[in-house]
Amino acid sequence: MQFDLTTFIFEIINFLILIWILQRLFYKPLLEVIAKRKQFIDQTLADAKAIQAQADEQRNLYENRQKAWEQEKQSAMNALNSQLELEKVAAMRQLTIDLEAERQKHTVTQLHKLHELEQQAEKQALTNAAKFASLLLKQAATPELETRLFDLLLSQLTALPKVCQHSLQSLNEQQDIPIQISSAYPLTTEQHEQLQQQLSAQIHQPIRFDYQQNPELIAGVRIDIGAWVLNANLQHELLGFAQFDDDFE
């Protein structure tokens, strides 16, 4: 076989042309695709890291708030216990002094004054406890607390009480059952759906839901069905404290 220089030169030219074609039509577009893909992956990773950083920041913020709330609650409880203990010691000291002063008097007068002192000490302790509890509940009122009260209400609203059932019977002549739902903070669409689903499953009549915002509730929800009222709010609890103090008087 003889070596043909012309053929060899043409082969080299063809090889160079082939390399140019591959470089022009294949490798360059391929490198551009790879570069774009790498840029997309880098951007995706950067977005993921940003989302992770935001999630970590929110988690740290929540944990810090939770710790601060626990510390405030513990400090408040310690302050209440200290205050009650001081008042108890002061009342007992005063009681002892009064008993010593009244020991020389008649037995009936001594017992009467002792009874008055005990009632006064108990009333003062209950009044202070009610005031402190009211202040603590007002300071703790937040949308998050209302969400917890709403979830607690929803978990307990598995069956309507007999009082509510009797109230519904008195509304049978109406075309639909009006249910008024009041909340201190606006309820979300999901909460609307959860509450409506829970009540609709137990009331087999057309229902008309009326939502309104009432800041006087402080935090929580109030449901009015006819003459029946269901409270899961701080205003109701504070009224309970006030009623307890009035009953004691």
Search all heavy atoms of [X] against all heavy atoms of [Y] and return the closest pair with its distance.
X: Leu187; Y: Glu146; answer: CD2-OE2, 4.0 Å
X: Ala219; Y: Leu149; answer: O-CD1, 3.5 Å
X: Asn214; Y: Ser182; answer: CB-CB, 4.4 Å

Next item on the list: List the steps, then state whether side chain to side chain donor-acceptor pair (under 3.5 Å) holds for Asp47 with Gln43.
Entry: CA-CA 6 Å; Asp47 294 341; Gln43 183 63 38; 3.0 Å; yes

Could you check whether any side-chain heavy atom of [X] comes within less than 4.5 Å of a side-chain heavy atom of [Y], counting everything from C-beta outward?
X: Gln191; Y: Thr147; value: yes
X: Asn233; Y: Ile218; value: no
X: Ile179; Y: Ile223; value: yes
X: Asn60; Y: Glu63; value: yes
X: Leu195; Y: Phe209; value: no
X: Gln196; Y: Ile207; value: no
X: Asp56; Y: Gln52; value: yes

Could you check whether atom [atom1] of [X] has more than 12 heavy atoms from other residues, nucleotides or ligands sitting under 6.0 Å from it?
X: Gln197; atom1: CD; answer: no
X: Arg59; atom1: CZ; answer: yes
X: Glu57; atom1: CD; answer: no
X: Tyr211; atom1: OH; answer: yes

For this session: Only pairs at least two apart or in different chains count here, so list each salt bridge (Lys or Arg N to Asp or Glu O under 4.0 Å) that has a residue in residues 222-236.
Result: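 Found Arg222-Asp224.
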
Original post:
Is a side-chain N or O of Gln213 found less than 3.5 angstrom from the main chain of Ala184, in a donor-acceptor match?
Top reply: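 Present.
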
Worksheet item: Is a side-chain N or O of Gln212 found less than 3.5 angstrom from the main chain of Gln180, in a donor-acceptor match?
Response: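 No: the side chain of Gln212 does not pair with the backbone of Gln180.
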
Interatomic spacing from [atom1] in [X] to [atom2] in [Y] - rounded to 0.5 Å:
X: Glu87; Y: Glu85; atom1: CD; atom2: CD; result: 10.5 Å
X: Asn81; Y: Leu86; atom1: CG; atom2: CG; result: 11.0 Å
X: Leu95; Y: Lys88; atom1: CG; atom2: NZ; result: 12.5 Å
X: Lys36; Y: Ile41; atom1: NZ; atom2: CD1; result: 14.5 Å

Would you call Glu70 and Lys73 a salt bridge, using N to O less than 4.0 angstrom?
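Between Lys73 and Glu70 there is a salt bridge, with a charged N closer than 4.0 Å to a carboxylate O.
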
Taking the basic N atoms (NZ, or NE/NH1/NH2) and the acidic carboxylate oxygens, is any pair closer than 4.0 Å for Arg148 and Asp151?
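Salt bridge absent between Arg148 and Asp151.
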
Any link between [X] and [Y] through a network of hydrophobic side chains (Ile, Leu, Val, Met, Phe, Trp, Tyr) touching at under 4.5 Å?
X: Leu217; Y: Phe150; answer: no
X: Leu152; Y: Val229; answer: no
X: Trp69; Y: Tyr62; answer: no

